[in-house]
Structure formats: structure tokens, C-alpha cells
Amino acid sequence: MGFTDQRFNVNLSILYTELPLLERPAAAAAAGFTAVELWWPWVDSATPEQSELDALKSAIEDAGVQLTGLNFYAGQLPGPDRGALSIPGEESEKFRANLKVAADFAASLGCKALNALYGNRVDGVDPAEQDKLALENLQLAAREADRIGAILLIEALNAPESPKCPIVSAPKAIEIVDAVNAATGLGNAKFLMDLYHLSMNGETVEGLEQIIDTYAAKTGHVQIADNPGRGAPGTGDLPLESLLDRLSKAGYEGYVGLEYKPGDKPSTEAFGWLPAEARAAR
């Protein structure tokens with residue numbers, strides 16, 4: 001067991017950001033990776049021009065990497081936003097307009113996982129109103145994901161960095177997952193287990209192990225970064241290797257997204273912890 005037994009993908013929205021978007025898939029491939037994931041790449045547009053979609057599709061295909069995960073439109077990310085689907089008005093409308101665009105783009109590249117970030121609480125808006133809107137939009141997202149044979153991911157963020165986000169624990173994310181599945185009957189909503197976010201919420205190693213044991217069966221994707229610092233494995237205190245081993249033993253067989261910051265060096269130098277021969281997804 002260990003890192004060499006995992007299937008990793010590179011998040012091109014946090015790694016390789018020193019390069020233009022269209023150069024990042026090839027850079028990940030040059031480092032030996034065969035799978036990548038992305039936040040929604042066009043933060044200012046939920047419905048970019050087809051030429052922009054086609055250019056990114058070609059860059060991914062030309063690099064020979066597989067897109068394994070994509071966010072729906074989530075507002076300014078990175079930035080102040082943490083999603084759009086629970087925000088009444090324009091942001092919710094953008095999210096709905098993005099659903100088919102994102103799903104069609106994912107389908108064109110064989111991507112089978114779509115992440116829907118919940119969004120922040122809005123001052124002056126009843127949280128119950130936001131939650132009602134969120135469930136409506138998540139049902140639409142689940143159906144759109146189901147149309148292309150994909151799963152819908154619900155992610156727990158962390159309270160210190162996202163104080164206005166209401167989903168900052170594994171149980172809360174699972175509550176939303178269960179509510180969406182009950183509402184649609186599709187069963188394709190899954191938990192996105194980000195070990196960095198969970199640890200930032202104060203979970204001890206024992207707490208993370210309990211989350212893994214309890215929720216592995218409902219987990220559709222895993223992301224990692226070390227803590228403190230959100231850097232590469234080995235730059236902080238999290239026993240990521242043993243935690244991923246525990247996930248495997250609990251039955252998780254999916255990808256592990258590398259969603260960490262490269263620090264003050266080029267991204268290509270941020271993978272020394274993982275032998276080159278272990279970077280190609282198996």
C-alpha cells in the first residue's frame with residue numbers, strides 16, 4: 001500500500017497556474033500524469049464561447065490526459081465565492097445556465113464527475129430560503145449529471161477559510177447528498193472528501209479515520225493537500241499516505257485529486273514526493 005498504489009489526478013486550477021490554461025494539460029502530461037481535473041475555468045462566464053470550450057478540449061486531448069473531474073460554475077474561485085447554486089438571483093441563474101454547458105463539455109471528454117459547490121450565506125437572506133434554492137438546483141445538477149452518466153459531487157469546505165459556507169463538515173455534506181438522492185431517486189449524488197478541508201475544520205487524525213470508515217461508501221472523489229500550508233504531501237503534518245491506505249481498505253477505488261499549492265517553486269517541482277513511475281493513473 002502507499003502512494004504508489006493510488007490513482008492520482010492533477011488539479012489544473014491550483015497547480016500549473018503559472019502557465020496559461022491551455023498549456024497546463026501538456027505540462028501535467030510532461031510530469032508523467034495521465035489524469036487531470038478542473039474547477040470551472042471561466043470564472044467570469046457560466047456560458048463561454050464555443051471556441052473557448054473547443055480550445056480547452058483540444059488542449060486536453062492533444063496532451064493525452066483524461067479529464068476526470070470538473071466543477072460547475074462556482075463564481076469567483078479562487079476568490080471570495082464558494083459556489084453559486086444557493087445564491088438567489090443572478091448567480092443562481094448563471095449556475096442553471098451553466099448546467100448543460102458544463103455537462104456537455106464533460107461528456108465530450110469522457111469526464112464522469114461534476115462538482116457543485118454550495119455557495120456562501122448571503123447577508124439579509126433567510127438561510128432556509130437559500131437551502132430550498134440549493135436543493136432545487138442540486139436536483140437539476142444531479143439530473144444533468146445523470147444524463148451523461150456522471151456522478152454529482154457535494155464537497156465540504158472548511159470554516160476558517162470559508163466562514164460563510166454552511167457545508168463545513170462531513171456529516172453536513174452527507175446530509176445534502178442524502179437529501180438530493182432522496183429528492184431525485186437517482187442515487188448519483190456523492191461526497192467529495194477533501195482531507196485538507198476536513199483537517200482544517202479541526203478533525204484529528206482519529207477523526208479523519210472515523211470519517212473515512214463511516215463515509216467511504218458514499219464517497220465519489222477524494223482530494224488532498226497537506227496541513228498546515230495546503231502544500232504537497234510531506235510539507236505538513238497530515239499522515240496522508242496512511243489515510244489513503246485506509247480509504248483503499250474501506251473500499252474506495254476512485255481518483256485522488258492533487259489539489260495543493262506548489263509553494264514558491266514551479267508546479268513541476270512539486271511532485272517529488274511521488275515517484276515518476278507512479279504518476280500515470282492505473
Side-chain angles (χ1 to χ4, degrees), residues 7 9-13 21 24-25 28 34-43 45-75 77 83-86 92-119 134-155 173 176-193 217-223 252-257 259 281:
R7 288 199 299 165
N9 61 28
V10 178
N11 189 301
L12 298 181
S13 298
L21 175 64
R24 297 176 201 172
T34 57
V36 299
E37 64 182 29
L38 282 162
W39 302 341
W40 183 247
W42 300 280
V43 296
S45 177
T47 55
E49 296 293 331
Q50 188 62 45
S51 60
E52 294 185 83
L53 294 159
D54 291 343
L56 181 55
K57 179 176 184 289
S58 294
I60 291 170
E61 290 176 334
D62 291 347
V65 293
Q66 174 65 50
L67 181 67
T68 58
L70 178 69
N71 282 17
F72 287 114
Y73 171 79
L77 186 72
L85 63 90
S86 68
S92 173
E93 291 169 5
K94 286 182 178 180
F95 178 81
R96 293 189 183 196
N98 174 251
L99 289 173
K100 186 177 187 304
V101 176
D104 284 350
F105 181 76
S108 75
L109 288 162
C111 174
K112 298 296 186 182
L114 290 160
N115 185 24
L117 289 173
Y118 201 84
L135 184 57
E136 291 173 358
N137 281 336
L138 285 169
Q139 289 178 70
L140 295 174
R143 293 189 177 99
E144 198 63 34
D146 181 68
R147 177 177 66 82
I148 66 165
I151 60 173
L152 175 70
L153 296 170
I154 309 295
E155 180 176 6
I176 304 299
V177 166
D178 289 345
V180 174
N181 285 333
T184 65
L186 296 172
N188 67 332
K190 301 287 185 180
F191 177 38
L192 195 167
M193 184 187 294
K218 293 186 176 183
T219 297
H221 187 46
V222 172
Q223 291 174 332
Y252 180 74
E253 298 179 343
Y255 283 93
V256 175
E259 198 186 45

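Side-chain atoms are counted along with the backbone in the values below, which use heavy atoms only and exclude waters and symmetry mates. Residue numbers count from 1 along this sequence.
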### Message
I want to check something: taking the side chain as every heavy atom from C-beta on, are L70 and L109 in contact at a cut-off of under 4.5 Å?
### Response
no

### Query
Could you state the interatomic distance from CD (Q66) to CD (E61), rounded to the nearest 0.5 Å?
10.0 Å

### Summary
All heavy atoms of A116 vs all of L138, minimum pair found to be CB-CD2, 3.8 Å

### Task
Evaluate the side-chain proximity of D104 to L53: yes if any heavy-atom separation is below 4.5 Å, no if none is.
no

### Message
Would you say E259 and W39 are linked by a side-chain donor-acceptor pair, where the criterion is simply a distance under 3.5 Å?
### Response
yes

### Message
Looking at every non-hydrogen atom in both residues, tell me the closest pair between L114 and A106 and how far apart they are.
### Response
CD2-CB, 3.9 Å

### Query
Which heavy atom in A74 sits nearest to a heavy atom in L77, and how many Å separate them?
CB-CD2, 4.2 Å

### Query
Between the main-chain N or O of F105 and the side-chain N or O of S108, is there a donor-acceptor pair closer than 3.5 Å?
yes

### Query
CG of L117 to CD1 of I154: how many Å apart, nearest 0.5 Å?
9.0 Å

### Query
Closest approach of K190 and G187, non-hydrogen atoms and distance?
CE-O, 4.0 Å

### Query
Do the non-hydrogen side-chain atoms of N71 and L38 ever get within less than 4.5 Å of each other?
no

### Task
Starting at NZ of K218, measure out to CE of M193 and round the result to the nearest 0.5 Å.
12.0 Å

### Query
Rounded to the nearest 0.5 Å, how far apart are CG of L152 and CG of N115?
8.0 Å

### Message
So does G75 get a backbone contact from the side chain of W40, meaning a donor-acceptor N/O pair under 3.5 Å?
### Response
no

### Flag side-chain contact, heavy atom, 4.5 Å: F72 against N137
no

### Query
So, S86 side chain and Y118 main chain: donor-acceptor pair closer than 3.5 Å or not?
yes

### Donor-acceptor under 3.5 Å (K112 side chain, A145 main chain)
no

### Task
Can you see which heavy atom on I148 is nearest to which on A107, and at what distance?
CG2-CB, 3.7 Å

### Task
Indicate yes or no: at least one non-hydrogen side-chain atom of H221 is less than 4.5 angstrom from one of Y252.
yes

#### Entry: Atom pair CG (D62) and CD1 (I60), whose distance is rounded to the nearest 0.5 Å
10.0 Å

### Message
Between the side chains of E144 and R147, is the shortest nitrogen-to-carboxylate-oxygen separation below 4.0 Å, so that they form an ion pair?
### Response
yes

### Message
Using the rule given for side-chain contact (heavy atoms from CB on, under 4.5 Å), can you reason through Y73 versus V101, listing the C-alpha separation, both sets of side-chain angles and the distance that settles it, and then say yes or no?
### Response
CA-CA 10 Å; Y73 171 79; V101 176; over 6 Å; no

### Query
Any donor-acceptor pair under 3.5 Å linking the side chain of T68 with the backbone of V36?
yes

#### Entry: T184: partners by side chain to side chain contact (heavy atoms under 4.5 Å, CB included), with sequence neighbours left out
Q139, A142, R143, V180, L186

### Task
Indicate yes or no: at least one non-hydrogen side-chain atom of L85 is less than 4.5 angstrom from one of L140.
no

### Query
Do the non-hydrogen side-chain atoms of V10 and V65 ever get within less than 4.5 Å of each other?
no

### Query
How long is the gap from CD on Q223 to CD on E37, to the nearest 0.5 Å?
4.5 Å

### Task
Taking all non-hydrogen atoms of both residues into account, name the closest pair between L21 and P41 and its distance.
CD2-CB, 3.7 Å

